[in-house]
> 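Please read through the structure below; I'll follow up with questions.
The analysis underlying the following values was restricted to heavy atoms, covering all of them including side chains, and did not include hydrogens, waters or symmetry mates. Sequence positions, counted from 1, serve as the residue numbers for this chain. Both counts, for ligands and for their atoms, begin at 1 and track the order of listing.
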Amino acid sequence: MRRLFPHPADDVALRECYDQPRPRPAHRPWVALCMVTGLDGSTVVDRNSRGLSNATDQQLLLTLRSFADVILVGAGTVRAEGYGPPRLPGQRIAVVSRSGEFDFDSPLFASGKALLILPADAPHVPVPSIRAGVGDVDIADALAQLDAQVVQAEGGAALNGLLAAADVIDELNLSLSPQINGGAGPRLTSGAPALSHRMQLAHVLEDDGFLFTRYLRAR
Ligand SMILES: NC(=O)c1ccc[n+]([C@@H]2O[C@H](COP(=O)([O-])OP(=O)(O)OC[C@H]3O[C@@H](n4cnc5c(N)ncnc54)[C@H](OP(=O)(O)O)[C@@H]3O)[C@@H](O)[C@H]2O)c1
């Protein structure tokens, strides 16, 4: 793993590069979004992200998770990628949904380590939930209700659109996979209104043609 920016170096360790301060903003946890895209912005190949990722990118996901109390993920991603329970003690997975329709016998929900984030008018669910907003989840309100210091958001595009619209993405860890994919899959965000949130480049790493970038919200 090479670091290209800042301070170029030929052999750096993932943990050392990503073990950085993540101060809790007032009233909500720090939100770090982790995504992998192809060179044309694809976030989905053959219905999930596996075809975009590699072993180092998977290692990065696990490293970033180790800094988080809560993993935040959209219902579409839980269904497409077959999310299981978190591996670290005390960690929880918060799933954003409108419908509340899931297989509650699946390992994720049976573990007792998952909660749902739902609008107030969503149906009753048999697992712990946070209610915020009506019709749509009010993600800023939901984050304020989470007992967490650091939230690792893991997509997909619809959840990212909610986070971007609420301007709560403090950190973006974007892996750039060296491939052009085409197709009609979503880009990094979907559903957000036009906006211009300036991000500051914190580092660029390279391994096997993948670029591992880290951006911080310039506030
Ligand atoms: N490349 C990557 O790094 C990466 C990362 C993550 C996911 N992905 C891929 O992205 C795809 C999924 O992305 P996606 O955008 O379709 O789904 P998503 O963001 O994971 O989840 C969408 C779901 O979230 C809920 N939702 C969306 N907007 C809402 C709102 N305003 N209020 C309340 N709930 C809301 C709805 O759940 P209900 O249906 O339950 O109502 C909706 O179906 C999958 O193919 C996955 O493999 C790629």
Side-chain angles (χ1 to χ4, degrees), residues 31-54 56-65 71-84 93-104 106 108-109 114-127 129-143 145 151-166 168-169 171-193 210-215:
V31 177
L33 171 61
C34 175
M35 291 288 290
V36 58
T37 74
L39 296 175
D40 59 2
S42 320
T43 62
V44 175
V45 175
D46 291 336
R47 292 187 293 282
N48 63 47
S49 62
R50 269 172 233 129
L52 290 163
S53 190
N54 73 352
T56 307
D57 183 52
Q58 286 300 307
Q59 194 53 46
L60 170 59
L61 182 77
L62 296 179
T63 302
L64 289 167
R65 279 185 179 183
I71 294 163
L72 181 70
V73 65
T77 297
V78 166
R79 296 181 189 118
E81 311 224 348
Y83 262 58
I93 297 197
V95 184
V96 176
S97 169
R98 216 182 261 112
S99 68
E101 287 174 11
F102 295 92
D103 173 6
F104 290 109
S106 66
L108 172 60
F109 290 103
L115 63 121
L116 287 180
I117 296 181
L118 297 163
D121 52 339
H124 170 79
V125 288
V127 295
S129 63
I130 285 176
R131 303 269 172 171
V134 176
D136 285 326
V137 160
D138 177 335
I139 198 71
D141 181 5
L143 286 167
Q145 293 184 53
V151 167
Q152 153 106 335
E154 298 187 351
L159 171 62
N160 300 347
L162 282 184
L163 295 169
V168 292
I169 301 173
E171 172 181 354
L172 171 61
N173 294 300
L174 178 62
S175 303
L176 205 53
S177 181
Q179 49 183 303
I180 293 173
N181 305 100
R187 60 192 178 107
L188 200 77
T189 67
S190 67
F210 279 66
L211 294 181
F212 298 98
T213 67
R214 178 171 188 260
Y215 292 87

> Does any N/O atom on Val36 come nearer than 3.5 Å to any N/O atom on ligand 1?
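Yes, Val36 has an N/O under 3.5 Å of an N/O on ligand 1.
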> Please report whether ligand 1 has a polar contact with Ala157, defined as an N or O pair separated by less than 3.5 Å (distance criterion only).
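Checking ligand 1 against Ala157, an N or O pair does fall under 3.5 Å apart.
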> Return yes when at least one protein heavy atom is under 4.0 Å from atom 23 (C) of ligand 1, and no when none is.
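Within 4.0 Å of atom 23 (C) of ligand 1, protein heavy atoms are found.
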> Would you compute the distance between atom CG of Leu174 and atom OG1 of Thr213 and round it to the nearest 0.5 angstrom?
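Between Leu174 CG and Thr213 OG1, I get 4.0 Å after rounding to 0.5 Å.
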> Within this structure, what is the OG1-CD1 distance for the pair Thr189 and Ile169, rounded to the nearest 0.5 Å?
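So the gap between those two atoms works out to 8.0 Å.
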> Would you mind listing which atoms of ligand 1 come within a distance below 4.0 Å of any non-hydrogen atom of Gly74?
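Once the distances to Gly74 are compared, the set is 18 (P), 20 (O), 21 (O).
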> Could you check whether the rings of Phe109 and Phe102 sit parallel, tilted or perpendicular, using 30° and 60° as the cut-offs?
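Judged by the thresholds at 30° and 60°, the geometry between Phe109 and Phe102 is tilted.
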> Any side-chain to backbone donor/acceptor pair from Gln179 onto Gly51? Under 3.5 Å, distance only.
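Yes: the side chain of Gln179 pairs with the backbone of Gly51.
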> Does the side chain of Leu118 reach to within under 4.5 Å of the side chain of Ser97, using non-hydrogen atoms?
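A side-chain contact exists here, since the closest heavy-atom pair is under 4.5 Å.
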> For atom 37 (O) of ligand 1, grab the closest protein heavy atom and report residue, atom and distance to one decimal in Å.
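Among all protein heavy atoms, the one nearest atom 37 (O) of ligand 1 is Ala75 CB, 3.4 Å.
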> Can you establish whether the number of heavy atoms outside Asp136 located under 6.0 Å from its atom CG is more than 12?
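Yes - once you tally the heavy atoms of other residues, nucleotides and ligands closer than 6.0 Å, there are more than 12.
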> I want to know if ligand 1 touches Gly76 in the polar sense, i.e. an N/O pair below 3.5 angstrom.
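It does: an N or O of Gly76 is found under 3.5 Å from an N or O of ligand 1.
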> Taking atom CE of Met35 and atom CG of Leu176, what is their separation to the nearest 0.5 Å?
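Output value for this atom pair is 12.5 Å.
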> Is there any N or O on Ser190 that sits under 3.5 Å from an N or O of ligand 1?
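N/O-N/O distance under 3.5 Å: no.
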> Can you tell me how far apart CZ (Arg131) and CG (Asp141) are? Round to the nearest 0.5 Å.
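Answer for the CZ-CG pair, Arg131 versus Asp141, is 13.0 Å.
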> Report the nearest protein non-hydrogen atom to atom 20 (O) of ligand 1: residue, atom name, distance rounded to 0.1 Å.
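Checked against all protein heavy atoms, atom 20 (O) of ligand 1 sits closest to Thr77 OG1, 2.6 Å.
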> Tell me whether Thr43 contacts the main-chain N or O of Leu188 through its side chain, where contact means a donor paired with an acceptor under 3.5 Å.
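Checking the backbone N and O of Leu188 against the side chain of Thr43, no donor-acceptor pair under 3.5 Å is found.
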> Would you find a donor on one side and an acceptor on the other, under 3.5 Å apart, between the side chain of Asp40 and the backbone of Asn181?
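Yes.
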> Any donor and acceptor pair, going by atom type alone, linking the side chain of Ser129 with main-chain N or O of Leu116 inside 3.5 Å?
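No, Ser129 side chain to Leu116 backbone: no donor-acceptor pair under 3.5 Å.
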> Considering only protein heavy atoms, which is closest to atom 6 (C) of ligand 1, and at what distance to one decimal place?
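Answer for atom 6 (C) of ligand 1: Glu154 O, 3.0 Å.
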> Tell me which part of Val78 gets within contact of ligand 1: side chain, backbone, both or neither, using heavy atoms under 4.0 Å.
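Contact part for Val78 vs ligand 1: neither.
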> Would you mind running through ligand 1 and noting each atom that sits below 4.0 Å from a heavy atom of Ser49?
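Those qualifying, in numeric order: 1 (N), 2 (C), 4 (C), 47 (O), 48 (C).
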> What residue and heavy atom of the protein are closest to atom 30 (C) of ligand 1, and at what distance?
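Result: Arg98 NH2, 3.3 Å.
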> State whether the shortest distance between N or O atoms of Ser99 and N or O atoms of ligand 1 falls below 3.5 angstrom.
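Ser99 vs ligand 1: N/O contact under 3.5 Å present.
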> Among all protein heavy atoms, pick out the one at the shortest distance from atom 8 (N) of ligand 1; state its residue, atom name and that distance to 0.1 Å.
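I find the closest protein heavy atom is Glu81 OE2, 3.7 Å.
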> Would you say Val44 has any N or O atom under 3.5 Å from an N or O of ligand 1, going by distance alone?
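No; the residue has no nitrogen or oxygen that sits under 3.5 Å from a nitrogen or oxygen of the ligand.
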> Who's the nearest protein heavy-atom neighbour of atom 48 (C) of ligand 1, and how far?
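That would be Thr43 O, 3.2 Å.
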> Starting from atom 43 (O) of ligand 1, what is the nearest protein heavy atom, named by residue and atom, and what distance separates them?
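Ranked first by proximity to atom 43 (O) of ligand 1 is Arg79 NH1, 4.2 Å.
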> Take atom 16 (O) of ligand 1 and look for protein heavy atoms under 4.0 Å from it; say yes if you find one, no if not.
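Flag for atom 16 (O) of ligand 1 set to false, no protein heavy atom closer than 4.0 Å.
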> Hey, is ligand 1 close enough to Gly135 that some N/O pair sits below 3.5 Å?
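No; every N/O pair is 3.5 Å or more apart.
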> If the contact criterion is a heavy-atom separation under 4.0 Å, does Glu101 count as touching ligand 1?
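Glu101: no contact with ligand 1 (<4.0 Å).
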> Taking Cys34's backbone N and O only, do any of them form a donor-acceptor pair with Gln152's side chain (distance below 3.5 Å, no angle check)?
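The answer is no, because no donor-acceptor pair under 3.5 Å joins these two groups.
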> Quick one: does Val137 get an N or O within less than 3.5 Å of an N or O on ligand 1?
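Min N/O separation from ligand 1 is below 3.5 Å for Val137.
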> With heavy atoms of Val96 as the reference, note each atom of ligand 1 found under 4.0 Å away.
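Going through ligand 1 atom by atom, the ones under 4.0 Å from Val96 are 24 (O), 25 (C), 34 (N).
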> CD of Glu171 to CG of Leu64: how many Å apart, nearest 0.5 Å?
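Result: 7.0 Å between the selected atoms.
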> What's the shortest distance from atom 27 (C) of ligand 1 to any protein heavy atom, and which residue and atom give it?
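It is Ala158 CB, 4.0 Å.
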> To the nearest 0.5 Å, what is the distance between CG (Asn173) and CG (Leu61)?
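Answer for the CG-CG pair, Asn173 versus Leu61, is 10.0 Å.
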